[in-house]
Amino acid sequence: MIRVLLADDQPLLRSGFRALLDLEDDIEVVAEAGDGGEALALAREHLPDIALVDVRMPVMDGIEATRRIAADPALAGVHVVILTNYGLDEHVFDALRAGAAGFLVKDIQPEDFLHAVRVAARGDALLAPSITRRLIDRYVAQPLRTGAGTALKELTNREREAVALVARGLSNDEIADHMVISSTTAKTHVNRAMAKLHARDRAQLVVFAYESGLVVPSES
């Protein structure tokens, strides 16, 4: 059972998301929050698998809530998915760095929304296609982050290759096919890279891949 926390300051939207999720046999909404502070408290109380968090909320916004969830060792199993009306803006970009596992725009189709919840529950990075394109564009305009390239030295050649494929959006099975290895070995390469880079999840590997220059936008 996938346990979900809904955090949005608009009750009508929360009700709509809940009605959709409640229809699924493998998903349970365990709590609802109207602001980021309440979301953080409920995450600590209920330990959901997924926290669907609106990027803009009163009291504490979604970015700060994400940062605090990601920083709390007791909440290591909580994957935050940011909900936004705005596509990519500076808030979404900052939330990815803060530890969000992915982003969804609120006009997403119901079937895509349900699929996204299940993808995030597996620990895979999740970025809506429209946000992914803009994210890549944003990296074009920014210089490489100082020190990010040095961290590449911590990775083996196969781990670097796996990280680059993660940044291109490939799943573990697709990485395995590309590298001609087993899915288990592909997952091992990805997990070891995450550990060496202190990445919370695959979304942060994507950030690292671009910030270090391991992947450039023209390769995406």
Trainee: Rounded to the nearest 0.5 Å, what separation is found between the CG atom of Asp25 and the CE atom of Met1?
Mentor: 7.5 Å
Trainee: Quick one: does Leu21's side chain get under 4.5 Å of Glu28's, heavy atoms only?
Mentor: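 When only atoms from C-beta onward are counted, Glu28 and Leu21 do not touch, as no gap falls below 4.5 Å.
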Trainee: I need the Gln10 CD to Ser15 OG distance, nearest 0.5 Å.
Mentor: 11.0 Å
Trainee: Step by step, work out the side-chain contact (heavy atoms from CB on, under 4.5 Å) result for Met60 and Arg68.
Mentor: CA-CA 11 Å; Met60 180 189 297; Arg68 296 193 187 191; 3.4 Å; yes
Trainee: To the closest 0.5 Å, what do you measure between CG (Leu197) and CZ (Phe208)?
Mentor: 4.5 Å
Trainee: Rounded at 0.5 Å granularity, tell me how far CD in Glu174 sits from CE in Met179.
Mentor: 14.0 Å
Trainee: Does a donor on one side chain sit under 3.5 Å from an acceptor on the other, for Asn172 and Ser183?
Mentor: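 Note: Asn172 and Ser183 side chains miss the donor-acceptor criterion.
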Trainee: As an exercise, state the distance from CE of Met57 to CD of Glu64, rounded to the nearest 0.5 Å.
Mentor: 11.0 Å
Trainee: Which heavy atom of Leu5 sits nearest to which heavy atom of Ala39, and what is that distance?
Mentor: CD2-O, 3.4 Å
Trainee: Which of these, Arg192, Met194, Lys187, sits in a side-chain contact (heavy atoms from CB on, under 4.5 Å) with Val190?
Mentor: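 The side-chain contact (heavy atoms from CB on, under 4.5 Å) with Val190 is passed solely by Met194 among Arg192, Met194, Lys187.
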Trainee: Output yes when Arg14 and Glu32 qualify as a salt bridge under the 4.0 Å nitrogen-oxygen rule, no when they do not.
Mentor: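 Yes, charged N to carboxylate O under 4.0 Å.
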Trainee: Taking the side chain as every heavy atom from C-beta outward, state whether Ile27 and Arg118 have any pair of such atoms under 4.5 Å apart.
Mentor: yes
Trainee: Of all the heavy-atom pairs spanning Ala162 and His189, show the shortest one and how long it is.
Mentor: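 Looks like CB-CB, 3.9 Å.
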Trainee: State plainly whether one hydrophobic cluster holds both Leu52 and Leu42, where clusters connect Ile, Leu, Val, Met, Phe, Trp and Tyr through side-chain heavy atoms under 4.5 angstrom apart.
Mentor: no
Trainee: Taking all heavy atoms of Leu205 and all of Ala199, pick out the closest pair and write down the distance.
Mentor: CD2-CB, 4.0 Å
Trainee: Please report the closest heavy-atom contact between Asp35 and Pro58, naming both atoms and the distance.
Mentor: CB-O, 3.1 Å
Trainee: Closest heavy-atom contact between Gly99 and Thr66?
Mentor: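 Taking Gly99 first and Thr66 second, the nearest heavy atoms are C-CG2, 3.9 Å.
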Trainee: Is the shortest heavy-atom distance from the side chain of Asp72 to the side chain of Arg44 under 4.5 Å?
Mentor: yes
Trainee: Given side chains that start at C-beta, do those of Ile175 and Val166 come closer than 4.5 Å, heavy atoms only?
Mentor: yes
Trainee: For Ala43 and Ile69, which heavy atoms make the closest approach, and how far apart are they?
Mentor: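 So the minimum-distance heavy-atom pair works out to CB-CD1, 4.3 Å.
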Trainee: So, Thr185 and Thr188: side-chain donor and acceptor under 3.5 Å apart, yes or no?
Mentor: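 There is no such pair between these side chains.
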Trainee: Please walk me through it: do Asp61 and Arg56 pass side-chain contact (heavy atoms from CB on, under 4.5 Å)?
Mentor: CA-CA 5 Å; Asp61 63 27; Arg56 297 180 179 179; 5.8 Å; no
Trainee: Do Leu114 and Leu20 touch side chain to side chain, with heavy atoms closer than 4.5 Å?
Mentor: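 Counting from C-beta outward, Leu114 and Leu20 do come under 4.5 Å.
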Trainee: Heavy atoms, side chains only, cut-off 4.5 Å: are Glu161 and His178 in contact?
Mentor: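 Side chain of Glu161 against side chain of His178, heavy atoms only: contact under 4.5 Å found.
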Trainee: For residues Leu40 and Val30: do they belong to one hydrophobic cluster (side chain heavy atoms under 4.5 Å, members Ile, Leu, Val, Met, Phe, Trp, Tyr)?
Mentor: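 Different hydrophobic clusters.
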Trainee: Out of curiosity, does Val59 fall in the hydrophobic cluster containing Val53 (side-chain heavy atoms, cut-off under 4.5 Å, transitive links)?
Mentor: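 No, separate clusters.
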Trainee: Please determine whether a side-chain nitrogen of the Lys or Arg among Asp54 and Lys106 lies less than 4.0 Å from a carboxylate oxygen of the Asp or Glu.
Mentor: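 Looking at Lys106 together with Asp54, the answer is yes, because their closest N to O distance falls below 4.0 Å.
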Trainee: Stepwise, does the side-chain contact (heavy atoms from CB on, under 4.5 Å) test hold for Val4 with Phe17?
Mentor: CA-CA 11 Å; Val4 176; Phe17 285 131; over 6 Å; no
Trainee: Treating Arg3 as the side-chain partner and Asp49 as the backbone partner, does any N or O pair qualify as donor plus acceptor under 3.5 Å?
Mentor: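 Absent.
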Trainee: Evaluate whether atom CG of Leu12 has more than 12 neighbouring non-hydrogen atoms of other residues, nucleotides or ligands under 6.0 angstrom away.
Mentor: no
Trainee: Apply side-chain contact (heavy atoms from CB on, under 4.5 Å) to the pair Leu214 and Val163, showing each step before the final yes or no.
Mentor: CA-CA 8 Å; Leu214 179 63; Val163 171; 3.7 Å; yes
Trainee: Would a single hydrophobic cluster contain both Leu13 and Leu6, if residues Ile, Leu, Val, Met, Phe, Trp and Tyr are joined by side-chain heavy-atom contacts under 4.5 Å?
Mentor: no
Trainee: Is there a path of hydrophobic side-chain contacts, each under 4.5 Å between heavy atoms of I/L/V/M/F/W/Y residues, joining Ile2 to Leu104?
Mentor: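 Yes, Leu104 and Ile2 fall within the same hydrophobic cluster.
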